[in-house]
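Numbering starts at 1 and runs along the sequence shown.
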Amino acid sequence: MMKFLYCIYQILVAIPVTIVMTIWTAILVGLGCTLGDGHFWGYYPGRWWARVVTRAFLLPVKVEGREHLEPNQSYVFVANHQGAFDIFLIYGFLDRNFKWMMKYQIQQIPFVGYACRKSHQIMVDKRGVGAVRKTYTAARQILQSGNCSVVVFPEGARTFTGHMGTFRKGAFALADELQLPVVPLTINGSFNVMPRMKDWHFASWHPLSLTIHTPIYPIGTGLQNVEATMRQAYDSVMSALTPEYQGFVENPDQ
């Protein structure tokens, strides 16, 4: 009965709020980035959008570990990728100005793609060596500008099982090149709310949590540092997953 009532609530309240907020936020981001400070308008409207949508779906959120982050420090955040609500959780509740490294196909989503282009989110395009190089050049410029971070899902795709797949080296190589700390993030609950197998279906009610781990500072440069950081980040993310999603499970589309 409660599940049925929650679906009715989504039809009457949560989904209309999400649609209206998405359109309004896209317009606000576009105008703000065109006329004003792109650093502000490229982040804060999206943060408000994510918070409103999460609240509209009545999803409780718990965040742990904000005390690990230093003000005015750029970070490379790396997170497990459980489901669609990862975006709302990180955007709304990480409380750090950042740019996303996201698949270029997101540009095709109405309004969302427009806002991402105007706010200069970093589109990961793997259709050639030149495109990949352009992606990491954009990320490098963002991080070198100061007081702005990037968020990466190093698995490269959402899980089919709730478990983590393998991490790719790109984000860790970028952090190594710029000698920046990597901050692992563990997401719990998003897979239960809306896994990728149920995109565009009704959400299921479930609490969300975001764990911000201790930053991993570089211990040197080069491949040894990249691999050591990646292993430590993977272990940190895994350590805070709920028991049912502990352990590696291969993701077939990585």
Side-chain angles (χ1 to χ4, degrees), residues 2-3 6-7 9-10 14-15 17-19 21-22 25 46-66 77-96 98 100-103 105-106 109 112 116 121 124 149-168 171 183-213 233-234 236-254:
M2 291 303 297
K3 186 175 181 180
Y6 188 49
C7 289
Y9 170 81
Q10 289 178 59
I15 293 173
V17 166
T18 300
I19 293 171
M21 281 299 300
T22 300
T25 302
R47 179 187 177 212
W48 301 328
W49 164 76
R51 283 180 172 245
V52 169
V53 171
T54 304
R55 298 309 188 200
F57 278 88
L58 307 179
L59 302 174
V61 172
K62 180 181 179 181
V63 181
E64 296 180 311
R66 286 202 187 102
F77 292 99
V78 294
N80 59 314
H81 206 359
Q82 280 205 337
F85 275 76
D86 297 347
I87 306 300
F88 300 113
L89 181 59
I90 293 177
Y91 222 159
F93 300 94
L94 181 58
D95 286 356
R96 298 289 292 202
F98 67 86
W100 293 100
M101 290 187 69
M102 57 178 62
K103 292 182 177 181
Q105 293 94 332
I106 291 177
I109 300 176
V112 172
C116 290
Q121 305 300 326
V124 179
S149 301
V150 296
V151 173
V152 187
F153 294 114
E155 292 169 275
R158 287 174 291 164
T159 176
F160 281 102
T161 64
H163 295 261
M164 285 169 56
T166 56
F167 277 6
R168 297 177 177 178
V183 179
L185 305 173
T186 300
I187 292 169
N188 281 301
S190 179
F191 184 78
N192 302 81
V193 173
M194 187 178 288
R196 63 185 299 182
M197 304 84 71
K198 294 187 178 181
D199 281 346
W200 310 109
H201 287 61
F202 288 114
S204 298
W205 187 91
H206 196 280
L208 298 170
S209 73
L210 178 67
T211 303
I212 304 168
H213 295 276
Y234 190 92
S236 293
V237 176
M238 181 72 77
S239 70
L241 283 173
T242 54
E244 63 182 314
Y245 298 128
Q246 287 280 336
F248 166 80
V249 174
E250 185 177 1
N251 196 347
D253 70 343
Q254 279 198 312

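Applying the side chain to side chain donor-acceptor pair (under 3.5 Å) test to pairs two or more places apart or on separate chains, those with a residue in residues 51-60 are Arg51-Asp95.
Phe248 is listed as a side-chain neighbour of Thr166, based on a closest heavy-atom distance under 4.5 Å. Between Val61 and Leu210, every side-chain heavy-atom pair lies at or beyond the 4.5 Å cut-off. Between Glu155 and Phe167 the shortest side-chain heavy-atom distance falls below 4.5 Å. Leu89 has its side chain out of reach of Gln82: every pair of non-hydrogen atoms, C-beta onward, lies at least 4.5 Å apart.
Evaluation of the side chain to side chain contact (heavy atoms under 4.5 Å, CB included) rule for Val17 yields Val13, Met21, Val52, Ala56 as partners, not counting sequence neighbours. Not counting sequence neighbours, the partners of Phe98 by the ring-ring contact (aromatic ring centres under 6.0 Å, His included) test are Tyr43, Tyr91, Trp100. Partners of Arg158 according to the salt bridge (Lys or Arg N to Asp or Glu O under 4.0 Å) rule, which considers only residues two or more places apart in sequence or in another chain, are Asp199. In this structure Phe191 satisfies the ring-ring contact (aromatic ring centres under 6.0 Å, His included) test together with Tyr245, sequence neighbours excluded. With sequence neighbours left out, Glu64 forms a salt bridge (Lys or Arg N to Asp or Glu O under 4.0 Å) with Lys62.
Atoms CZ and CZ, on Phe160 and Arg196 in that order, are 3.5 Å from each other to the nearest 0.5 Å. Annotation: the span from Lys198 atom NZ to Ser204 atom OG amounts to 5.5 Å, rounded to 0.5 Å.
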Exercise. Is there a side chain to side chain contact (heavy atoms under 4.5 Å, CB included) between Val183 and Arg96 once you walk through the steps?
Worked result: CA-CA 12 Å; Val183 179; Arg96 298 289 292 202; over 6 Å; no
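Of the possible polar contacts, none joining the His81 side chain to the Phe153 backbone as a donor-acceptor pair under 3.5 Å is found. Using modelled atom types, one side-chain atom of His163 and one backbone atom of Gly247 make a donor-acceptor pair closer than 3.5 Å. Listed for the Gln10 side chain is no donor-acceptor partner under 3.5 Å among the backbone atoms of Phe202.
Residues Leu208 and Gly189 share a closest heavy-atom pair of CD2-C, 3.6 Å. Between Thr159 and Thr161, the shortest heavy-atom contact is OG1-N, 2.9 Å. Of all non-hydrogen atoms in Leu59 and His206, the two that sit nearest each other are CD2-O, 3.6 Å. Here the closest non-hydrogen pair linking Gln246 and Met238 is NE2-O, 2.8 Å. Of all heavy-atom pairs spanning Phe93 and Val63, the tightest one is CB-CG2, 3.8 Å. Closest approach of Ala50 and Phe88 over heavy atoms only: CB-O, 3.4 Å.
Shown are Asn80, Leu185, Ile187, Val151; of these, the side chain to side chain contact (heavy atoms under 4.5 Å, CB included) with Asp86 is made only by Ile187. Between Phe57 and the choices Trp205, Phe85, Tyr9, the ring-ring contact (aromatic ring centres under 6.0 Å, His included) rule is met once, by Phe85.
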